[in-house]
Amino acid sequence: MTINFKDIEKKWQAAWEKNKVFQVEVDDYQKKKFYLTTPYPYMSGLLHLGHLFTYMAPETLARFKRMQGHNVLFKYGFHCTGTPIVAAAKKVAEKEPKQIAALEKMGISKEEILKFSEPEHWIQYFPKETLRDIKSMGFVVDERYTFITTSLNKPYDAFIKWQFNKLKEKGYAKKGKHPVVWCPKDNAPTGDHARSEGEGETPQEYLLFKHKLEDGRYLITATLRPDTVMGTTNLYMNPEAKYTEAEVNGEKWVLNDNCAKNLKEQGHEVNIIEKVSGKEFIGKKVEEFGNRKVIILPATFLDLDFGTGLVHSVPSDSTDDLIALRDLQKDETTCEKYGLDINEIKKIQPIPVLNTPGLGNIAAEAMLKKYNIKSQNEREKLEKIKKELYKLSHFTATLNEKYKENFSENLEGKRVEEAKEIISNDLIKGGWALKYYELSGKVVCRCLTECIVKMVENQWFLEYNDKKWKEVAHECLDSMKIYPEVLRKQFDYVLDWLHRWACARELGLGTRLPWDENWVIESLSDSTIQMAYNTISKYLEHPEEYGFSVDQLNDEFFDYVHLNKGTAEKVEASTGVPIKMIETMKKDFEYWYPFDFRNSAKDLIQNHLAFCIFNHTAIFPKEHWPKSFMINGRIMINNEKMSKSKGNFFTMRELHDKHGADIIRLTASNAGEGSDDANYDMGFHDIAKRKLNELYDFVKENYNKGRTDKLLIDQWFESKINETIGKTTIAFENMQFKSAIQFSLLDLQRHLKWYLKRTKDQPNKELINLLIETQIKLLAPVIPHFCEECWELIKGKEFVSNAAWPEANQEAIKPELDLGEELLKNNISDIREVMKLAKIDQPKAIKLFVAADWKYGFVEKFKELIKETRNPGEILKTLMQSELKQHGKDISKLVPALIKDQSKLPAKELTKKNEIAALEESKGLIAEEFGCSVEVVIDSDHNKAKSAMPGKVGILVE
RNA sequence: GUGGGUGUGCCGUAGUGGUCAAUCGGGAUGGACUCAAAAUCCAUUAGCUUAGUGCUUACGCAGGUUCGAGUCCUGCCACCCACACCA
């Protein structure tokens, strides 16, 4: 029959609900517990396939742990803080077609869509719908524990305020300046999602160099390479261009318009005075760091919009600068035009400042030669080698004797990588330079305004760069389990690499910083320890059911419940929450915490998961630090990235409605494991349906049927079932859900097939029952509805969801029994091979010749000897000293061949007696397979017996 | 660029240094069943092949360690992820 997966899932979901199977109660604080968490989904839309894949891990694990006898809490929350919802609502208000289409695709009607121009409506709509989807998937969820984030949720808001007060108390929240990508029209930071162009571009840090003219004005240049400061030979300005003269921080600067404006946004006082022509500066001299003067030369290659519109030239280590210099030195016309003495210009030579291995002390020259570049018009090549040289200088070059003096320490011989920052700091301190930010590429806001870099003052940071904090974070990581373990290195790296994090913003939804109400806590910072809140959310989200109110929750409350500080009496006095409730929540928290498991896709390693570690170590004592993280890859569909533009974007709901919960649960779990990207194979839906239907029919027809006597092959099958229990259990424990399916569904079915073939469809009743019960239980975490349906069929009552996880009977596992089955399978395929060679389609008789007696002894001895030496001569010598000497001729041929290829040896110990017994037992099957008589022959002198070896019979097909 | 991960047959995947020409699923081909199809079952699916149950190449590329390498080491190449105020 064909199962209607939709019907059975409705049936069982209703039954679970009615019997409160997944309601979480803590009635025994001694009972072992397992608390699973996963980052709550963002409520800017319905859950999609990626969510399904990520959530299947904790979902499956939760069911597994329940069956193992744990009290399990698996929580869901709905994330609504931050800017995306606000941004999306704004788009709806503007009637942006893409956004409207996205909502329509989620099944929202035209009239309904307009309501989504209010952010609040998203928060009302999507959590409700998401919960519906989660339940329809049969996920283990106790909805009393679910909640939404944002300040709209008062108790949650109070919790986040408490969290930030704690961080501030510890000195981890500090104020500072911070460069951000900024839209001048919106007057707000422009995140990736709010850009119409320039996703991924960031503020890049430059150093502005000040070059003093004799009249007291400064020419300003920008550089990424302050390390070459000692090598400046001249400045370049475009004589035909207009520059801007501006008063910056009380000094007169000459630069381009862009930079002047940017400086203003970056916290400098800037008053633009007038336009000046580049021409008037050509030939003048400026003062340089290190007590030198250099000349200003004309150049037309300058990009006026980039940097400051003029540059200082370091021909020793910049190919662009060098080639420009060479060109000018040949160009009498230009020199004359700007009143320059060409002989003076010709005297300008690169000043060696760096030693670059393989390129000498004038690296730029070596590079130009290497790539045979003749003119500054070869832009493409020049761009390429500029990057290459930059890399080489940065990582391999060392500074020369020019850096001995002049700096706060002797930098001679130091690598550029190490010295760069010291040089920058010294230059800044000495008033020669200052930091400046420019975008790494063009960024355009959604409002079509071009973005700039803005220095935000009074920005609040979390000091993830704090050394001591990093140390404890590492301590926490070291104590955690990471699945898969290979990603630990990545975590180690990230904890070190993270620096201060701007944790609050001026826009978006969320909790306000308790000490500075102008700022909203940013959404990656407010979700780092909410798993603690979630242990008691059942009470805080539904206080009326427990007869109290949460209007006056305060820090005292959370201090007591989460940190065991203060007294219940005082908390009752200040919050009005009855002592009994306070104590219950405290006990619940202490019971559930820490969380045992948290998983996410790998893109959250560098932010959310790392923050989670940091924040826990800052706030909680060691015993409440996270226990484990599991990281999964991203989901691909039929080996393509899921994306709306490709049209292969699927919400969980639409897949569910089409195929049913169990089918997509199985397909998702089977998509992959480990941190590699997983592949959701749409074609597997049908395979899954077919296999489950088959399984159901088998259960129905075979339970409680069969013979009662016990044969050798029954023992083999019993061994396989128990082996499968062990392997599947380990797979679940290691978060290898795909492997678990492989073992418990596919492999087990294969073994069953072989078993039925071997018993000629006369299985042992006890074993068939063991198989069926075991398999249903092993699969229940992945496809629970289907398994309940099967369970009902055989048991009639109870839930398989509540059944005890099977335990492997170690005594029944007998790997040696595999040998006989392997021999049989090999014999069958060898016979086929022989038939093919002999071109026999239908054999009349098959004779199997067992190897001569002495070969068994020989093989045994050979296996011993080979452990000692691989030298054929030595092995032969030893063998020849024994009674095997009489077979010397055969042995001398066998030994080298066997050393080369040990696959010809039987894997396990095998006696002639055993082999004959196994052959006699299985010859009936061979006879049936080939439709002819089969005879086992013991005749060592027969020609065919000569080629036989233990475990490998001689075959004669007639 | 930096850090991390991964590269296996037509496709997707498994793979503790020796039973690996390689697991499992799919696909393809041939056969059985059928009036036919689907489903199911069986076989084949690197190349060669003489009753030799054999041989030769193969696990991104190139080297190395080892008696022995898909598995260990080194170097290349390719792909994926992250790189910040964005969830």
Side-chain angles (χ1 to χ4, degrees), chain A residues 39 41-42 44 79 81-85 178 180-181 189-195 199-200 202-203 387 390-391 394-395 456 459 461 484 486-494 496-505 522-525 527 601-608 633-634 636 638-639 641 670-677 679 681 683-684 687 690-691 693-694 738-739 741-743 746-747 750 753 819 822 826-827 829-840 866 869-872 899-908 929 943-944 947-948 951-957:
Chain A
Y42 201 77
S44 53
H79 202 185
T81 59
T83 47
I85 287 179
H178 185 60
V180 295
V181 181
T190 312
D192 266 348
H193 63 266
R195 299 178 189 174
E199 209 172 298
T202 57
K387 279 182 191 155
Y390 181 89
K391 198 167 90 184
H394 188 78
F395 295 107
V456 176
Q459 171 70 55
F461 290 97
V486 281
L487 289 180
R488 182 179 296 278
K489 277 192 211 159
Q490 177 81 357
F491 273 102
D492 259 318
Y493 175 79
V494 166
D496 287 330
W497 162 85
L498 268 175
H499 42 277
R500 49 183 211 168
W501 181 270
C503 63
R505 278 191 310 239
E522 169 272 337
S523 55
L524 277 167
S525 300
S527 52
K602 55 186 163 183
D603 40 352
L604 293 192
I605 295 175
Q606 15 283 316
N607 43 57
H608 172 75
R634 300 168 72 97
M636 316 263 277
N638 297 339
N639 274 313
K641 268 189 196 174
N670 192 48
E673 63 193 20
S675 59
D676 273 4
D677 287 348
N679 183 30
D681 178 2
F684 191 76
I687 296 162
R690 211 174 66 210
K691 286 198 184 289
N693 272 308
E694 228 171 86
K738 180 176 170 137
S739 297
I741 291 170
Q742 168 85 21
F743 301 144
L746 305 175
D747 286 350
R750 214 159 31 82
K753 234 187 216 175
L819 182 59
E822 283 309 309
N826 288 342
N827 283 337
S829 68
D830 287 347
I831 292 168
R832 281 215 170 88
E833 179 87 355
V834 170
M835 281 165 56
K836 204 170 113 194
L837 286 164
K839 301 195 171 68
I840 296 172
I866 208 159
T869 176
R870 302 282 167 168
N871 184 328
I899 289 175
K900 200 178 155 210
D901 183 4
Q902 288 169 61
S903 70
K904 293 188 179 86
L905 293 170
K908 299 192 183 76
E929 186 81 21
N943 210 25
K944 280 287 151 199
S947 60
K952 207 130 178 86
V953 293
I955 297 164
L956 182 69
V957 182

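In what follows, chains are A, B, ... by sequence order, proteins preceding strands, each numbered from 1.
Taking atom C1' in both B:rA22 and B:rA46, the straight-line distance is 12 Å, to the nearest Å. Taking the P atom of each, B:rA32 and B:rA38 are spaced 14 Å apart, rounded to whole Å. B:rA58 and B:rG70 are spaced 10 Å apart, taking the C1' atom of each and rounding to whole Å. Look at the P atom in both B:rC11 and B:rG7: the space between them is 15 Å, to the nearest Å. With both ends at atom P, the span from B:rG68 to B:rU57 equals 15 Å, rounded to whole Å. Of the C1' atoms belonging to B:rU66 and B:rC72, the separation is 10 Å, rounded to the nearest Å. B:rU6 and B:rU71: their P atoms are spaced 14 Å apart (whole Å). With both ends at atom C1', the span from B:rG3 to B:rA21 equals 38 Å, rounded to whole Å.
Among the atoms of the strands shown, none is found under 4.0 Å from any heavy atom of A:Gly674. A:His608 comes within contact range of no nucleotide atom at all, as no heavy-atom separation falls under 4.0 Å. Residue contacts shown for A:Ile840 include a base, since a base heavy atom lies under 4.0 Å away. Contacts of A:Val957 with the nucleic acid, taken as non-hydrogen atoms under 4.0 Å apart, include base atoms. Contacts of A:Val834 with the nucleic acid, taken as non-hydrogen atoms under 4.0 Å apart, include base atoms. When heavy atoms are screened at a 4.0 angstrom cut-off, A:Leu487 is found touching the sugar-phosphate backbone but no base atom. At the heavy-atom level, A:Asn607 lies under 4.0 Å from base atoms of the strands shown.
In this structure, A:Glu833 places its CD atom 9 Å from P of B:rU53, rounding to the nearest Å. Rounding to whole angstrom units, CG of residue A:Asn827 and C1' of B:rU53 are separated by 10 Å. Rounded to whole angstrom, the span from the NE2 atom of A:His79 across to the C1' atom of B:rC86 amounts to 12 Å. Atom C1' of nucleotide B:rC83 and atom CG of A:Leu524 are separated by 14 Å, given to the nearest angstrom. For A:Met636 and B:rC80, the CE to C1' distance is 8 Å, given to the nearest whole Å. Nucleotide B:rC85 holds its P atom 10 Å from the CD atom of A:Glu522, rounded to whole Å. The CG atom of A:Asp830 sits 20 Å away from the P atom of B:rU49 (whole-angstrom rounding). Remark: C1' of B:rG4 and CG of A:Leu604 are 16 Å apart, rounded to the nearest angstrom.
Taking the side chain to side chain donor-acceptor pair (under 3.5 Å) definition, one finds that A:Arg750 meets it with A:Asp747, sequence neighbours left out. Residues satisfying the ring pair (Phe, Tyr, Trp, His ring centres under 6.0 Å) criterion with A:His608, sequence neighbours excluded, are absent altogether. In this structure, the salt bridge (charged side-chain N to carboxylate O under 4.0 Å, His left out) partners of A:Lys602, at least two apart in sequence or on a different chain, are A:Asp677. Applying the side chain to side chain donor-acceptor pair (under 3.5 Å) rule to A:Asn638 yields no partners; only residues at least two apart in sequence or on another chain are considered. Looking at residues two or more places apart in sequence or on another chain, you find a side chain to side chain donor-acceptor pair (under 3.5 Å) between A:Glu522 and A:Trp501, A:Ser525. With sequence neighbours excluded, the residues forming a ring pair (Phe, Tyr, Trp, His ring centres under 6.0 Å) with A:Phe491 are A:Phe629, listed by chain and number. Under the ring pair (Phe, Tyr, Trp, His ring centres under 6.0 Å) criterion, A:Phe743 pairs with no residue, sequence neighbours left out. Applying the side chain to side chain donor-acceptor pair (under 3.5 Å) rule to A:Glu929 yields the partners A:Lys757, A:Arg832; only residues at least two apart in sequence or on another chain are considered. Applying the side-chain contact (heavy atoms from CB on, under 4.5 Å) test to A:Asp603 and every residue at least two apart in sequence or in another chain returns A:Ala601, A:Arg634.
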With 3.5 Å as the limit, what N/O pairs link the protein to nucleotides 8-17 of chain B?
none

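The side chain of A:Lys489 has B:rG4 as its nearest neighbour among B:rG4, B:rA82, B:rC85. Comparing atom distances between the A:Val486 side chain and each of B:rC85, B:rG5, B:rU53 picks out B:rG5 as nearest. Checking B:rA82, B:rC83, B:rU40 against every side-chain atom of A:Glu694, the shortest atom distance belongs to B:rU40. Distance from the side chain of A:Asp676 is smallest to B:rG5 among B:rG5, B:rU53, B:rA82. In this structure, of B:rC81, B:rA43, B:rG5, it is B:rC81 that holds the atom nearest to the side chain of A:Lys602. You'll find that the side chain of A:Gln490 is closest to B:rG4, out of B:rA51, B:rA43, B:rG4. In this structure, of B:rA87, B:rG54, B:rA51, it is B:rG54 that holds the atom nearest to the side chain of A:Lys952.
Map A:Ser523 and A:Ala838 each onto its nearest nucleotide of RNA chain B; the residue landing nearer the 5' end is A:Ala838. With the nearest nucleotide of RNA chain B identified for both A:Phe461 and A:Asn826, A:Asn826 has the one nearer the 5' end.
Using a distance-only test at 3.5 Å, with no hydrogens or angles considered, no donor-acceptor pair links the side chain of A:Gln490 to the main chain of A:Ile605.
With a cut-off of 3.5 Å on both pairing distances, the Watson-Crick and G-U wobble pairs of RNA chain B assemble into stems of 3 or more at B:1-7 with B:77-83, B:10-12 with B:24-26, B:27-32 with B:40-45, B:46-48 with B:54-56, B:60-64 with B:72-76.
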What is the per-nucleotide protein-contact pattern of nucleotides 24-33 of chain B, from the 5' end, where B denotes a base atom under 4.0 Å from a protein heavy atom, S denotes such proximity for sugar-phosphate atoms only, and - denotes neither? S-S-------
